[in-house]
Amino acid sequence: MGYDILSRVIELTDSDFALDVKLRKVAGLLARQLPVDGCEVYLWDRKDRRFRATAHGRGGAVEAYGEKQGLPGRVKKTGRAIEVSKKDPESCRGGGVEDMGLRGFRGAMVYPLRDGKEWYGVLYLKTERKSLLPGRRKKMIGVISKQIASSIKSERNYVRLRNAYNKLKDLQVRLVNAEKLMALGELSASLAHEIRNPLVSIGGFAARLRKKIEPGSPHLPYVEHISKQVTRLEEIINDILNFAEHREMKLNVAEVNAVVEDALWLFEEACHNQKIKVVKALSKEPMPVVADAHQLKIAFDNLIANAIQSMEHGGKLTVRTRRENDLGVVDITDSGGGIEPGIIGNIFNPFFTTKKTGTGLGLTITHKIITRHRGVIDVANDYGRGITFTVKLPCTDARGTLPPGGERGMKSSIAGVLAP
Amino acid sequence: MKKRVLVVDDEEGIRLLYKEELEEEGCSVELAASGEEALKRLEASSIDLVLLDIKMPGMDGVEVLRKIKEKWKDLPVILCTAYPHYKQDFGTWASDAYVVKSSDLRELKEKIKDILQRKA
């Protein structure tokens, strides 16, 4: 009979259930099969230094115990199983220890769930009867406790392994991306040169032909097409070269508000022409950053240009800046309807574009510039309404040095795409 | 008196394009397909301005620029190139202007006009 319980516990702990499900099933099994009236598993929370009720066999239980509280606290201190019995079921004291969990019971046994020095929690059994379990049974519960502990241990190891694996996988993807980008940079720089020269000839002679063709001639649109397409190719090449350029940053202290204002000024006319209302809410607090102001301006130019292009038929462009502790934060929101949720994850990838005439490098360049400034860029896509790009840059102190750890702890994300 | 411009580029199409366009602007245009040829032309005739490609087989534009400035200190040179990043190259600083090649020749023409006026 005892071995029957043991083998069923092993069966449960070896199963594929999640840890808390396993523990609940084991606690239920013990509460049913043993002559006890309550069975609980408390897991040790290393961060909070508390025992937390994770599984109930029967009846209610104390939610949590502090490190030195109640019978679990005592077991943690001595490292050994404890059993107490008392005459008055209504009292909360047993074995010289105050424990709210004892109310309504006459006896209790608490077993450590641990492996060497590593604590996982306690197994808490309670009875309303006078007599406790016979010695043989106690030994078996000791074995069951070890089994539960080793099950928790392997689960934790599994989680650790899986996290490490995920991290590695993530790193690999990023490495492959970085390699792709580098290869792209080298290839495109040499390619751009080879392509640019012929384009100058094609476009230049097309312009000469255009001058010679009579206005109203049916041939005029042909030449205009050539010119237009050449201009487009030239823009693509400029973007590629800007992207490939491994330029040293010329660092100075720049004011984020001024950079943003400058970028907005550049697009004033475009906004007016496209009937886009510009709402500007710039922070009055200074937001100095160590930056290559020229590059930073390109980054914001791209974001604003993108927003404007998404609102062909008018809309609202909101640019907001604010200081968040050590960070200067800029939100750029458009009302251009957003991007299909399925493809938003691609927006920083080179050559990805939703526009008819984009190069697909604007946001890639922006992302690169912001990252080089130890900042992050986040996207919130409100499909049907619009997109908000949020740029966070580490502000500097008055001496113009970068605060430490600007990169660490910050990670660009795309809302709704990356796992929470 | 027409201003004389020397166009140095290894691409035939670009030489022809610049020649026709600049002649329309009222310049007299001479052509050279390499750095070596350009230096020979400069010895042979008097030139007011040089348009110089950087990337050429044989002697490249930066080297040609250095030789020109050694010998004809005041002769203005405009560097034309497909790469914007030569701007950071010390070797190009001696040039009077730097133009990234484009099928739209307006910027180039403006720079030429500027420099020739300044010189006059």
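Just so it is clear: chains get the letters A, B, ... in the order the sequence lines come, proteins before strands, and each one is counted from 1.
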**Q.** Proximity of residues 255-276 of chain A to chain B, residues having a non-hydrogen atom under 4.5 angstrom
**A.**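 No residue falls under the 4.5 Å cut-off.
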
Q. If you check every heavy atom in residues 201-219 of chain A against those of chain B, which residues fall under 4.5 Å?
A.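 Those residues of residues 201-219 of chain A which have a heavy atom under 4.5 Å from chain B are Ser201(A), Gly203(A), Gly204(A), Phe205(A), Arg208(A), Lys211(A), Lys212(A).
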
Q | chain A contact via Glu12(B) - side chain, backbone, both or neither, heavy atoms under 4.5 Å | A |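 Neither; nothing under 4.5 Å.
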
Q | Glu234(A) (side chain) donor-acceptor with Ser102(B) (main chain) under 3.5 angstrom | A |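 Pair absent, no side-chain N/O of Glu234(A) close to backbone of Ser102(B).
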
Q. Could you give all pairs that pass the salt bridge (charged side-chain N to carboxylate O under 4.0 Å, His left out) test and reach residues 25-34 of chain B, with sequence neighbours left out?
A.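 Applying salt bridge (charged side-chain N to carboxylate O under 4.0 Å, His left out) to every pair that reaches into residues 25-34 of chain B, excluding sequence neighbours, yields Arg4(B)-Glu30(B), Glu25(B)-Lys109(B), Glu30(B)-Arg41(B).
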
Q. Picking from Asp53(B), Leu16(B), Asp9(B), which has the most non-hydrogen pairs under 4.5 angstrom with chain A?
A.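 Sorted descending by pairs with chain A, the first entry is Leu16(B).
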
**Q.** Neighbour count >12 (heavy atoms, 6.0 Å) for atom CD, Gln229(A)
**A.**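 More than 12 heavy atoms, drawn from other residues, nucleotides or ligands, come within 6.0 Å of this atom.
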
Q: With rounding to the nearest 0.5 Å, note down the distance linking CG in Asn197(A) to NZ in Lys55(B).
A: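 Answer for the CG-NZ pair, Asn197(A) versus Lys55(B), is 8.5 Å.
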
Q | His225(A): ring pair (Phe, Tyr, Trp, His ring centres under 6.0 Å) partners, not counting sequence neighbours | A |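 Testing His225(A) for ring pair (Phe, Tyr, Trp, His ring centres under 6.0 Å), a comparison that skips the adjacent residues, returns none.
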
**Q.** Leu108(B), Asp104(B), Ile14(B) screened by side chain to side chain contact (heavy atoms under 4.5 Å, CB included) with Val200(A), the one that passes
**A.**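 Per the side chain to side chain contact (heavy atoms under 4.5 Å, CB included) rule, the option paired with Val200(A) is Ile14(B), out of Leu108(B), Asp104(B), Ile14(B).
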
**Q.** Ion pair Arg196(A)/Glu11(B), N-O distance below 4.0 Å
**A.**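 Judged by the 4.0 Å cut-off on N to carboxylate O distance, Arg196(A) and Glu11(B) do not form a salt bridge.
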
